Asks: 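Pasting a structure here, questions to come.
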2 protein chains.
Amino acid sequence: MATGRNHRPATRSRGIPEATVARLPLYLRALTALSERSVPTVSSEELAAAAGVNSAKLRKDFSYLGSYGTRGVGYDVEYLVYQISRELGLTQDWPVAIIGIGNLGAALANYGGFASRGFRVAALIDADPAMAGTPVAGIPVQHADDLDRIISENGVSIGVITTPPGAAQQVCDRLVAAGVTSILNFAPTVLSVPDGVDVRKVDLSIELQILAFHEQRKAGEDAAADSAFDPAAPPVRAATTSRKGPDGDMPAVMPA
Amino acid sequence: MATGRNHRPATRSRGIPEATVARLPLYLRALTALSERSVPTVSSEELAAAAGVNSAKLRKDFSYLGSYGTRGVGYDVEYLVYQISRELGLTQDWPVAIIGIGNLGAALANYGGFASRGFRVAALIDADPAMAGTPVAGIPVQHADDLDRIISENGVSIGVITTPPGAAQQVCDRLVAAGVTSILNFAPTVLSVPDGVDVRKVDLSIELQILAFHEQRKAGEDAAADSAFDPAAPPVRAATTSRKGPDGDMPAVMPA
DNA sequence: GCCTGTGAAGCTTTTCACAGCC
DNA sequence: GGCTGTGAAAAGCTTCACAGGC
């Protein structure tokens, strides 16, 4: 990779795979822990174990950043911490605004790991006038009417949406209009944004549903030992057309 | 796919791709919204737009479940809601326990979308004796000493960890010992679990760091218009070995 | 004519396995 | 001898494009 092909400007390492980017924070966390224990170097095997990935993947990932290791030895912990921090853009501080200071917004505002590396809660915003002025995690809540001003005055480019789902798209639009180009969305809604704006979502119920899927599989396999049993509701579909699914037609009465 | 190959038992559709499983909850949410508006059928194009994916992907995803659409027409909303619910295992109710009732745990306990489809908060558990008995979201908090009993009495197979990171692995071990086989981890730690136990993690700071990476890229491109400028700290590495990264060596003093 | 279902092609990500260097 | 860095193979995922059926 970094070994001299000539059809790329090469000044800035274009094209780190997205999957790799998503793992860099994991490596960084593991390395930070080693750094705090004053461990000077670490092998790909050890670091991979600490980060919960396999070592081939880790080495491949690091190869996209450059050749930061030493053969026969491993990686210099401090050096890697710095290189990954820089690659992730954490050598600067990002002011973040949280919009929607309910239970979840307050929880995030209080979350320590937030401030620790690269991020700073610059503003808390809520639509409830009664909340305005009340400090949460030591930061006074401001009213949503002033969203524009708050975002631009603080130079916020990353917004965290923790509003109810109904308000999320509107808040998103206003954030984008005010100059925010990265959004972390905790509301269970699909946000639409213009090109150039990144959205990532964190969705509790999606995660639970994925777990339920696998959980059901496990239960199904256990049951399969006893009998070849249809694990779902009985087929009582009231339709005229024939449907071909793997099993289980729709019951007359939908489950709540 | 479902069109008659003969080397699979076929009773239970093995091998729905993980990427598809992860999108089923999105489709389900979009379909539920249509269902509430009493929309009878929907095309792959419309549903894909509502779920924020493209229609080819959606059709491919559905093809793994079976042939549930009608050519020239689209998909029957109610029917699909049922089929996806069943596939995800949401036709049964999953009792869930939340361990660690701080800000975040309380926020999750209060989260409405939780109970609505397939999940029920069966127990709240915390290690602080002062919290025992206090109701959160109408559910009394129980002490961690009784974790084993609480899990088995309630038949909990899905646990949500919202403890501080230091406690997460220990809580995880106890959950697994008590019979939990799926874990949703909000603590910023890598959990190690035996085979057969699924872990999914939700990690605020990882998401923010991924956003920061892309944000930095955007800023870097803007700056590149002005000058070919090193966006990071100056190279003042105190080492003897030569390192070859794309750019940016380590500064003498690490950034806080 | 319209929209689904799906092979086939193209792309991304992971894993393998070993050359290269300490 | 040990461990990194990386081509090459394998697996997984997305997109294309069109046959098939309403």
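A quick note: this is a predicted structure, and the numbers were derived from the prediction, not measured. Naming: A, B, ... by sequence-line order, numbering from 1 per chain. Basis for what follows: all heavy atoms, side chains included, without hydrogens, waters or symmetry-related copies.
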Asks: Under a 4.5 Å cut-off applied to non-hydrogen side-chain atoms, are A:Leu104 and B:Leu104 in contact?
Replies: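 SC-SC contact between A:Leu104 and B:Leu104 confirmed.
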Asks: Is any side-chain heavy atom of A:Glu18 closer than 4.5 Å to a side-chain heavy atom of B:Ile210?
Replies: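 Side-chain contact under 4.5 Å: yes.
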Asks: With rounding to the nearest 0.5 Å, note down the distance linking CD1 in B:Ile158 to OG1 in B:Thr181.
Replies: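 Between atom CD1 of B:Ile158 and atom OG1 of B:Thr181 there are 7.5 Å.
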Asks: Using every non-hydrogen atom in the two residues, find where A:Ala51 and A:Leu26 come nearest and quote the distance to one decimal.
Replies: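 A:Ala51 and A:Leu26 have their closest heavy atoms at O-CD1, 3.9 Å.
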Asks: Rounded to the nearest Å, what distance is computed from the OH atom of residue B:Tyr79 to the P atom of nucleotide C:dT4?
Replies: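 Rounded to the whole Å, the gap is 16 Å.
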Asks: Is there a donor-acceptor pair closer than 3.5 Å between any side-chain N or O of A:Ser35 and the backbone N or O of A:Leu31?
Replies: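 Absent.
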Asks: Distance check needed: C:dT12 P versus A:Ile16 CD1, whole Å only.
Replies: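 So the CD1-P distance, A:Ile16 to C:dT12, works out to 15 Å.
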Asks: Less than 4.0 angstrom between a side-chain N/O of A:Tyr75 and OP1 or OP2 of D:dG5, yes or no?
Replies: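 The answer is yes; a side-chain N or O of A:Tyr75 sits under 4.0 Å from OP1 or OP2.
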Asks: Using a cut-off of strictly less than 4.0 Å between a heavy atom of the residue and any atom of DNA chain D, enumerate the qualifying residues of residues 24-42 of chain A by number.
Replies: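 When residues 24-42 of chain A is checked for heavy atoms under 4.0 Å from DNA chain D, there are no hits whatsoever.
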Asks: Give a yes/no answer on whether the side chain of A:Tyr64 brings an N or O atom under 4.0 Å of OP1 or OP2 in C:dT14.
Replies: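 So the side chain of A:Tyr64 is outside the cut-off, no N or O lying under 4.0 Å from OP1 or OP2 of C:dT14.
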Asks: Please tell me which of A:Thr20 and A:Val73 maps to the more 5' nucleotide of DNA chain C, matching each residue to the nucleotide holding its nearest heavy atom.
Replies: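 Closer to the 5' end of DNA chain C: A:Thr20.
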Asks: Please give, in whole Å, the distance from D:dC22 P to B:Arg71 CZ?
Replies: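 About 8 Å, once rounded to whole Å.
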Asks: Just wondering, do B:Thr20 and B:Phe62 contact through their side chains at under 4.5 Å, heavy atoms?
Replies: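 No, every pair of side-chain atoms sits at 4.5 Å or beyond.
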Asks: Strictly below 4.0 Å, heavy-atom distances to any atom of DNA chain C: list the hits from residues 46-62 of chain B, or just say none.
Replies: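 Hits under 4.0 Å, by residue number: B:Arg59, B:Lys60.
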Asks: Mind calculating the distance between CG (A:Leu80) and P (D:dT4) to the nearest angstrom?
Replies: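 Roughly 10 Å, once rounded to whole Å.
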Asks: Whether B:Ser44 contacts C:dC3 is assessed here as follows: a side-chain N or O lying under 4.0 Å from the phosphate OP1 or OP2. Is that the case?
Replies: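 So the side chain of B:Ser44 is outside the cut-off, no N or O lying under 4.0 Å from OP1 or OP2 of C:dC3.
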Asks: Can you tell if the side chain of A:Asp198 reaches within under 4.5 Å of the side chain of B:Lys218, non-hydrogen atoms only?
Replies: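 Of all side-chain heavy-atom pairs linking B:Lys218 with A:Asp198, at least one is under 4.5 Å.
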Asks: Above 12 or not: heavy atoms from other molecules or residues under 6.0 Å from CD of B:Glu45?
Replies: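 No, because the 6.0 Å sphere around CD of B:Glu45 holds 12 heavy atoms or fewer from other groups.
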Asks: Mind checking whether B:Tyr68 and B:Tyr79 have ring centres under 6.0 Å apart?
Replies: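 Close enough - the centres of the two rings lie under 6.0 Å apart.
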Asks: Provide, to the nearest angstrom, the distance between the OH atom belonging to A:Tyr68 and the P atom belonging to D:dT6.
Replies: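 Nearest whole value for this atom pair: 12 Å.
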